[in-house]
Amino acid sequence: MTRPARVQRCHIDAVRESSMMNVVFDFGGVLFGWQPQQLVAQAFPDQTRVPGQAQGLAKALFGHADWHSFDRGTLPIDAVIDRAAARLGLDHAALSTLVQGIGEHLEPATGVFDVLSQLKQLELAGRAIRLYFLSNMSVPYARTLERKFEFLQWFDGGIFSGDVKLIKPEPVIYQRLQARYGLEPGQTVFIDDLLGNVQVAQALGWQGIHFVSAPQLAAALSSVGLDGFERPDLNATAH
């Protein structure tokens with residue numbers, strides 16, 4: 001993926017707090033591509049030959065309570081692998097390779113990365129925009145992303161679920177982000193690919209964008225009053 005030149009830090013002029021807009025990104029499925037069916041199909045081709053099997057296996061693995069506990073930081077990765085292999089009758093070595101390698105496989109979604117880059121450039125130019133993230137992400141994957149991607153330093157703050165032992169859509173994790181960074185609910189825009197997560201944010205007074213694609217996100221952001229944001233030409237880039 002071709003990325004813009006690294007954004008250089010510059011002096012940020014003071015902006016009126018009343019005009020500040022906070023943009024909060026989800027990671028998996030929004031800023032980073034997340035294709036669980038493809039992952040399980042590659043790892044277990046014999047179990048996913050029939051149409052629909054990959055979808056079912058992905059749901060059984062990533063939608064299970066054990067995976068949510070992994071995201072929450074209360075179940076270690078080895079236990080997730082051991083339990084899932086036994087529960088689903090999967091080859092332990094293949095499953096271990098899959099689960100251990102997910103962090104390394106996560107890559108920025110090009111169109112959404114372009115939107116983030118424009119927002120960061122506006123912030124560094126003194127516009128009334130701040131950038132945050134709120135992600136259901138286990139500790140091992142979170143540390144991998146921090147190691148691999150320097151652009152995560154563009155964010156003014158954020159929370160990985162595994163670090164705080166909380167997960168979306170629990171309201172308390174949104175409130176934790178809000179309290180930690182002093183976010184005003186009405187001046188905070190939350191972006192997530194899961195509608196239920198967006199609805200919780202809206203119930204707390206945040207603005208919400210249910211993510212579908214990068215062009216749809218850019219259009220939605222251009223309508224919420226972000227200082228200086230202009231809808232970029234993404235050439236209908238799919239996420």
Side-chain angles (χ1 to χ4, degrees), residues 4 7 9-32 108-109 111-137 142 145-146 149-164 166-212 214 216-232 239:
V7 178
R9 287 197 168 275
C10 64
H11 175 70
I12 301 177
D13 295 328
V15 294
R16 294 183 297 109
E17 289 298 323
S18 62
S19 66
M20 183 65 65
M21 289 296 291
N22 308 300
V23 183
V24 182
F25 283 81
D26 175 36
F27 274 9
V30 177
L31 184 55
F32 289 87
V112 182
F113 180 85
D114 294 340
V115 170
L116 175 67
S117 179
Q118 181 182 345
L119 291 171
K120 188 59 182 179
Q121 291 177 43
L122 289 170
E123 180 185 2
L124 293 178
R127 301 297 184 134
I129 296 171
R130 295 291 181 269
L131 301 173
Y132 301 92
F133 64 85
L134 185 61
S135 174
N136 281 355
M137 187 77 65
L145 295 184
E146 291 171 340
F149 299 109
E150 189 173 316
F151 75 83
L152 294 191
Q153 298 176 22
W154 294 358
F155 288 97
D156 297 289
I159 288 177
F160 288 114
S161 61
D163 290 329
V164 296
L166 302 166
I167 59 173
K168 297 176 292 184
E170 296 168 348
V172 66
I173 194 172
Y174 301 77
Q175 294 165 336
R176 179 72 61 87
L177 184 78
Q178 181 176 306
R180 179 177 292 182
Y181 300 105
L183 308 184
E184 289 293 331
Q187 295 165 211
T188 300
V189 182
F190 177 63
I191 305 157
D192 200 294
D193 62 315
L194 297 181
L195 180 58
N197 292 346
V198 174
Q199 290 172 333
V200 170
Q202 292 171 325
L204 293 171
W206 299 14
Q207 299 183 57
I209 297 174
H210 179 209
F211 177 82
V212 177
Q216 169 259 348
L217 172 61
L221 287 173
S222 68
S223 69
V224 298
L226 292 174
D227 186 12
F229 181 80
E230 297 180 0
R231 183 175 177 179
H239 77 285

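All residue numbers refer to positions in the sequence shown, counting from 1. Reckoned from all heavy atoms, side chains included, excluding hydrogens, waters and symmetry mates.
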Which one of Leu166, Leu134, Val24 satisfies the side-chain contact (heavy atoms from CB on, under 4.5 Å) criterion with Ile159?
-> Leu134

Between atom NZ of Lys120 and atom CD of Gln153, what is the distance when rounded to the nearest 0.5 Å?
-> 10.0 Å

Contact summary for Val112 and Ala214, nearest pair of heavy atoms = N-CB, 3.8 Å

Contact check, side chains of Leu124 and Leu122, non-hydrogen atoms, under 4.5 Å = no

Taking the six-membered ring where the residue is Trp, are the ring centres of Phe25 and Phe211 under 6.0 Å apart?
-> no

Thr188 side chain vs Glu184 backbone, donor-acceptor pair below 3.5 Å | yes

Taking His210 for the side chain and Asp192 for the main chain, is one N or O donor matched with an acceptor at less than 3.5 Å?
-> no

Could you list the residues that satisfy ring-ring contact (aromatic ring centres under 6.0 Å, His included) with Phe229, not counting sequence neighbours?
-> none

Assess the side chains of Trp154 and Glu123: does a donor N or O sit below 3.5 Å from an acceptor N or O?
-> no

Kindly indicate whether the side chain of Pro169, heavy atoms from C-beta on, has any atom under 4.5 Å from the side chain of Tyr174.
-> yes

Flag if over 12 foreign heavy atoms under 6.0 Å of CD, Glu230 = no

Does Leu204 reach the side chain of Pro185, with side-chain heavy atoms less than 4.5 Å apart?
-> no

Distance (rounded to the nearest 0.5 Å) between Gln207 CD and Leu221 CG = 10.0 Å

Ile129 side, atom CD1; Gln118 side, atom CD - distance, nearest 0.5 Å | 8.5 Å

Looking at Met137 and Ser161, what are the two nearest heavy atoms and their distance?
-> N-OG, 2.8 Å

Quick one: which of Phe32, Phe149, Phe160 gives a ring pair (Phe, Tyr, Trp, His ring centres under 6.0 Å) with Phe133?
-> Phe160

Straight-line distance of Leu119 CG to Met21 CE, nearest 0.5 Å | 11.0 Å

OG on Ser222 to CG on Leu217, rounded to 0.5 Å = 9.5 Å

Considering all heavy atoms, the nearest Ile209-Ala220 contact = CD1-CB, 3.7 Å

What is the minimum heavy-atom distance between Val30 and Ala109, and which atoms define it?
-> O-CB, 3.6 Å

Between Asp156 (side chain) and Leu131 (backbone), is there a donor-acceptor pair under 3.5 Å?
-> yes

Minimum-distance pair of heavy atoms, taken over all atoms of Ala201 and Phe190 = CB-CD2, 3.6 Å

Verify the ring-centre separation between Tyr132 and Phe155: is it less than 6.0 angstrom?
-> no

Is it true that a side-chain atom of Glu170 and a backbone atom of Ile167 form a donor plus acceptor pair closer than 3.5 Å?
-> yes

When rounded to the nearest 0.5 Å, the distance separating CG of Asn136 from CD1 of Ile173 is 6.0 Å

Scanning both residues in full, the closest heavy-atom pair of Gln187 with Met20 reads NE2-O, 2.9 Å

Derivation and outcome, side chain to side chain contact (heavy atoms under 4.5 Å, CB included), residues Leu226 and Val224 = CA-CA 6 Å; Leu226 292 174; Val224 298; 3.9 Å; yes

Within the distance-only criterion (no hydrogens, no angle test), does the side chain of Tyr181 pair as donor or acceptor with the backbone N or O of Gly158 below 3.5 angstrom?
-> yes

